[in-house]
Asker: 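This structure is in structure tokens; I'll ask about it shortly.
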2 protein chains.
Amino acid sequence: MDSELQDFYVHQDKMYVATDCIIFGFEDGKIKLLVFRRRVEPIKGEWSLIGSFVKIDEDVQEAAKRVLTEITGLKNVFMEELKTYGKADRDPGYRCISVGQYALIRINDYDKELVEKHGAHWYDIKDLPNLVLDHNQMVADAMERLKQKARYQPIGFELLPEKFTIPQLQQLYEAIYQKELDDRNFRKKVLSHNVLIKLEEKDKTTSKRGAFLYKFDHKTYNKLLKSGYNFEI
Amino acid sequence: MDSELQDFYVHQDKMYVATDCIIFGFEDGKIKLLVFRRRVEPIKGEWSLIGSFVKIDEDVQEAAKRVLTEITGLKNVFMEELKTYGKADRDPGYRCISVGQYALIRINDYDKELVEKHGAHWYDIKDLPNLVLDHNQMVADAMERLKQKARYQPIGFELLPEKFTIPQLQQLYEAIYQKELDDRNFRKKVLSHNVLIKLEEKDKTTSKRGAFLYKFDHKTYNKLLKSGYNFEI
DNA sequence: GATAATTAATGTATTTTATACATTAATTCT
DNA sequence: AGAATTAATGTATAAAATACATTAATTATC
């Protein structure tokens, strides 16, 4: 019996705490999810979210950050707790609760080598494979959260490059809401918040004319927040 | 050394999972919180949220329900996960993460004897004592959640009796938002959703004229939900 | 039994925001 | 030079939010 299979039988009476990361990206107008081949028995080798047990002297949040950095090489990524998955029978191997945390990353920022080394793959959110345990549920919950949260907080920008065009931003929101938006009204609404800085440069990768690039203005946004303003897209 | 103090030293290397309940009520126009005298060492006897370790074969959610029922005698109470408190040093006694769950109860429904037996007390949310560990933070987080959530989902009704008047409902929302609302506009908005059933009866406890009682119409609300409608107050 | 006092209920005008929709602008490719 | 393509702008209409004043029903008091 190998040591992992041994664990499988030994630890039925011990409580474990794990964390799993629901890692979202945005590419080609589509929301994508980073998935991995599961590294431990049982069901080793199946598609899975990336996760880890929380160490005895480690904050749960730290554990999630650790995992994310190990895999992507990125630090300072937007990450937020989703919810805790605490069904007694959710994992056939251990009594293990898992704190789901979703992350939003700029898809081209991460260290591709690191990711490939871990047998990772970016799946279109609309075309996911079966994931182990309750991981498909976690993804569904995270997607729902993203949908709700993106409307009232400017977290969508975490999925775009630092510099982006209005049509790109619109594409992103269309992907999140799964709904087409009117381009004239979208632009009007987005710009009305005065939290975008228009740059001199244009992006010409998607059109002959080119579209002006913008940056999100964190400074102004934070100021506005303090004076009781409400972001909404 | 008594057995609880012994536990205190023995279990430093074991991971525990607990759940704590943030129990809200509404009375006299005020949001109130149900707090207890802590039952275990260390800091036994201090004001605390009510909680419990999650048993090895018990769902986390079940554990929270169990606690709530033990204390209040109530079942089928609105309860929702808030977030997980997972700092490694949050509890000096154990390595223990706690899943915070907030509950909304009709303050007169619960079994008063049960509550008194447990040394409980309803505190005005604006006038809380110091609670053990990170429990004040849990309450602050739960209050913030309630504030956010009540706006877009009709959870406020969970804090009112089955039958309530519009002025009562307004008082509740004023307490949640911590802000005065215009009575004419409030009434208009609330009734515009068509999810309140006007009864024949009046409540005369607060005025000579009396105010008509209403019930929340769950059936209609659920129908509307399915057809993509958005509740907002 | 008229009047004062008190809270409930209703209505309207104004401002703001959301929606629906068509044209012009800049650039590259042929 | 003109066709093709995506970006950018504007306007009219509908809907929703806000601000604000009066009337209605009832009980308590003189």
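Side chains included, hydrogens not; waters and symmetry mates left out as well; all remaining heavy atoms used. All chains are named by letter (A, B, ...) in the order of the sequence lines, taking the proteins before the strands, and each is independently numbered beginning at 1.
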Asker: Can you measure A:Glu201 atom CD to C:dA26 atom P for me and round it to whole angstrom units?
Answerer: 19 Å

Asker: Walk me through it: do B:Phe164 and B:Phe216 pass the test ring-ring contact (aromatic ring centres under 6.0 Å, His included)?
Answerer: CA-CA 9 Å; B:Phe164 52 85; B:Phe216 182 72; 8.0 Å; no

Asker: Can you measure A:Tyr177 atom OH to C:dA18 atom P for me and round it to whole angstrom units?
Answerer: 12 Å

Asker: With sequence neighbours excluded, give me every side-chain hydrogen bond (donor to acceptor under 3.5 Å, both in side chains) pair touching residues 223-233 of chain A.
Answerer: none

Asker: When every nucleotide of nucleotides 5-15 of chain C is labelled 5' to 3' by its protein contacts under 4.0 Å (heavy atoms), B for base, S for sugar-phosphate only, - for none, what sequence of letters results?
Answerer: BSBBSBBB---

Asker: Go through the structure and list residues passing ring-ring contact (aromatic ring centres under 6.0 Å, His included) with B:Tyr123, not counting sequence neighbours.
Answerer: B:Trp47, B:His121

Asker: Considering all heavy atoms of both residues, which atom of A:Phe26 and which atom of A:Ala175 are nearest to each other, and what is their separation?
Answerer: CE1-CB, 4.0 Å

Asker: Roughly how many Å is it from CG in A:Asp203 to C1' in D:dT5, rounded to a whole number?
Answerer: 15 Å

Asker: From NZ of A:Lys204 over to C1' of C:dC29, roughly how many Å is that when rounded to an integer?
Answerer: 13 Å

Asker: Report, as yes or no, whether the 6.0 Å neighbourhood of atom CD on B:Gln61 holds more than 12 heavy atoms from other residues, nucleotides or ligands.
Answerer: no

Asker: How many Å lie between CD1 on B:Ile233 and C1' on D:dT18, as a whole number?
Answerer: 17 Å

Asker: For residues A:Val190 and A:Arg187, determine if any side-chain heavy atom of one lies less than 4.5 Å from a side-chain heavy atom of the other.
Answerer: no

Asker: Take the protein atom CD of B:Glu232 and the nucleotide atom C1' of C:dT17, then report the distance between them rounded to whole Å.
Answerer: 13 Å

Asker: Starting from P on D:dA17, measure out to CZ on B:Arg151 and report it in whole angstrom.
Answerer: 10 Å

